[in-house]
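Below is one structure; the comments refer to it alone.
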Amino acid sequence: MENTPTPNDILAAAARIAPYAVHTPLLEHPELGERTGGRVFLKLEIFQRTGSFKFRGACNRILQIPEQDRAKGVVAFSSGNHAQGVAAVAKLLGIPATIVMPADAPRAKIEGTKALGAEVVPYDRVTGDREAIAAEIVAARGATLVRPFDDAGIVAGQGTAGLEIACAAAERGVALDAVLAPCSGGGLVTGIALALSRESPLTKVYSVEPTGFDGMRQSRDKGERIAAHAERLSIADALMAPMPGKVPFALAQQHLAGGFAVDDEALMRAVSFAFRRIKIVAEPGGAAAIAAVLSGAFDAKGKNIALVVSGGNADPEIVSDCCARFPNP
């Protein structure tokens, strides 16, 4: 596919964003290993700027905007993590940012985006068309649209997490059998898969999506992009893209080993486990890979695996509800 990123693009992205992005840790969690029968490592993107991996892609993409166009600003549409990533990069570079966000996005994400100086334009997630709203703003202002996942620069930026995973595993002398990452439009998981195709080619990479929003899994199985059809919204607000992007899907066909779907109960249990046992805050979407192993959707027995904890921008009430519902996750 035209404009599909390469492993070299990820290396270039890593150099480009190095002055700004956090090199997040890869830590082994013994209890998860005991529970699953494998060695389990956690890639903690909750420690990235703005609390999610999205800063990586936004930074790489925005840094590639020509200087003469930056003053016109950037526009993005997002349920919150990409919004904050774009807003944070724009603030660092002194660029105006406008973000189209669903009115029912988590309060923490809306407030976080505004606190970074971005203009927030709300819309109805069910009846509104966020891409159309963003297109109108771009046309009126001459701004640059920064897509959340269907962009080679975004995917290459997210893939830098994969480089870090491979490097950290190699430093420990660990050969990873698998990496699991949350998936919405697919930028993160396919960026990681692309990076590992060169850095750790025997490592299999899997997507994890909410039940009903597993468009990547269904599309990969069918060999063409199709939309998943959910009966209700998921607690994982960050993972509700029904269909993977064109760029991520092209990469998925080459580099993804498969995918898993996890229901809201598994996601809530994973949030509680993260808080109670790992001592971290993971939003429901960010905990999807943990949910896949705790629920048994992925069998980690006898394997060395890395789970990407992709974001921690959850409202306190959500974390509290998950912990109350699953006191012994």
Side-chain angles (χ1 to χ4, degrees), residues 24-47 52-53 161-162 164-166 168-183 188-189 192-193 196 200 202-211 214 217 234-236 238-239 256-312 314 318-329:
T24 60
L26 182 75
L27 302 179
E28 185 169 7
H29 196 265
E31 183 176 347
L32 269 173
E34 293 167 7
R35 289 273 292 263
T36 62
R39 290 188 71 183
V40 182
F41 298 83
L42 302 172
K43 178 60 172 171
L44 296 173
E45 285 296 288
I46 56 171
F47 296 132
S52 100
F53 74 96
E164 293 175 15
I165 290 171
E171 288 175 353
R172 288 177 170 82
V174 174
L176 289 173
D177 297 296
V179 173
L180 279 67
C183 177
L188 174 65
V189 70
I192 289 173
L196 294 181
S200 184
L202 296 182
T203 302
K204 296 181 178 180
V205 181
Y206 298 90
S207 61
V208 186
E209 300 165 285
T211 300
D214 51 337
R217 183 184 67 83
S234 170
I235 192 173
L239 303 183
L256 273 196
F260 302 94
V262 289
D263 61 22
D264 274 9
E265 182 171 300
L267 290 165
M268 294 179 73
R269 184 185 298 275
V271 170
S272 180
F273 184 91
F275 186 83
R276 293 179 179 276
R277 310 304 302 167
I278 308 176
K279 309 304 180 184
I280 60 172
V281 173
E283 62 187 276
I290 298 173
V293 297
L294 286 180
S295 67
F298 178 84
D299 183 4
K301 187 174 182 179
K303 300 183 179 74
N304 298 324
I305 66 169
L307 309 178
V308 181
V309 185
S310 59
I318 292 292
V319 178
S320 178
D321 286 348
C322 292
C323 289
R325 182 167 176 182
F326 295 100
N328 298 297

Measuring from atom CD1 of Ile192 to atom CZ of Phe53, what distance do you get when rounded to the nearest 0.5 angstrom? 8.5 Å
Supply the atom-to-atom distance Leu180 CG to Lys204 NZ, rounded to the nearest 0.5 angstrom. 12.0 Å
Can a donor-acceptor pair be found, under 3.5 Å and without considering hydrogens, that links the side chain of Glu209 to the backbone of Leu239? no
Please report the interatomic distance SG(Cys322) to CD1(Ile235), rounded to the nearest 0.5 Å. 4.5 Å
Counting neighbours of NZ on Lys303 that are heavy atoms of other residues, nucleotides or ligands and sit closer than 6.0 Å, is the number greater than 12? yes
Under the side-chain contact (heavy atoms from CB on, under 4.5 Å) test, residues paired with Phe260 that sit two or more places apart: Tyr206, Ala297, Phe298
Would you say the side-chain atoms of Asp264 and Ser234 include a donor-acceptor pair closer than 3.5 Å? yes
Is the side chain of Ser295 donor-acceptor paired with the backbone N or O of Ala291 at a distance under 3.5 Å, no angle test? yes
I'd like to check the side-chain contact (heavy atoms from CB on, under 4.5 Å) partners of Val319; sequence neighbours left out, ordered by chain and number. Val271, Phe275, Val281, Ala314, Cys323
Do Pro210 and Asp263 have side chains that approach each other closer than 4.5 Å (heavy atoms only, starting at C-beta)? no
Separation between CG of Leu294 and CD1 of Ile290, rounded to the nearest 0.5 Å: 7.0 Å
Would you give the length of the straight line joining atom CD1 of Ile278 to atom CG of Leu44, rounded to the nearest 0.5 angstrom? 8.0 Å
Would you check if Ile165 and Val179 make a side-chain contact, meaning some heavy-atom pair closer than 4.5 Å? yes
To the closest 0.5 Å, what do you measure between CE (Met268) and CG (Asp321)? 6.0 Å
Please enumerate all residues that pass side-chain contact (heavy atoms from CB on, under 4.5 Å) together with Glu28, with sequence neighbours excluded. Arg39, Phe41
If you look at every heavy atom in Val208 and Ala289, which pair is closest and at what distance? CG2-CA, 4.1 Å
Quick check against the 3.5 Å criterion: does Ser272 have a side-chain atom that pairs as donor or acceptor with the backbone of Phe326? yes
Correct closest heavy-atom pair for Ala236 and Leu267 would be CB-CD1, 3.9 Å
Can you sort out the partners of Ala282 under side-chain contact (heavy atoms from CB on, under 4.5 Å), two or more places apart, ordered by chain and number? Ala274, Ala287, Val309
Does any N or O in the side chain of Asn304 come within less than 3.5 Å of the main-chain N or O of Asp177, such that one atom is a donor and the other an acceptor? no
Is the shortest heavy-atom distance from the side chain of Leu176 to the side chain of Ile305 under 4.5 Å? no
What's the verdict on side chain to side chain contact (heavy atoms under 4.5 Å, CB included) for Ile46 and Ile280, showing C-alpha distance, side-chain angles and the deciding distance? CA-CA 9 Å; Ile46 56 171; Ile280 60 172; 3.7 Å; yes
Can you see whether Thr24 engages Glu45 through a side-chain donor-acceptor pair at a distance of less than 3.5 angstrom? yes
Can you check whether Leu256 reaches Ser207 side chain to side chain, under 4.5 Å on heavy atoms? yes
Suppose we screen for side-chain hydrogen bond (donor to acceptor under 3.5 Å, both in side chains). Which residues come up paired with Arg277, at least two apart in sequence or across chains? Glu31
Enumerate the residue pairs fulfilling salt bridge (Lys or Arg N to Asp or Glu O under 4.0 Å) with a member in residues 291-302, sequence neighbours excluded, ordered by first and then second residue. none
Is any side-chain heavy atom of Leu42 less than 4.5 Å from a side-chain heavy atom of Leu26? no
For Arg325 and Arg269, run side chain to side chain contact (heavy atoms under 4.5 Å, CB included): C-alpha distance rounded to whole Å, both residues' side-chain angles, the deciding distance at 0.1 Å, then the answer. CA-CA 8 Å; Arg325 182 167 176 182; Arg269 184 185 298 275; over 6 Å; no
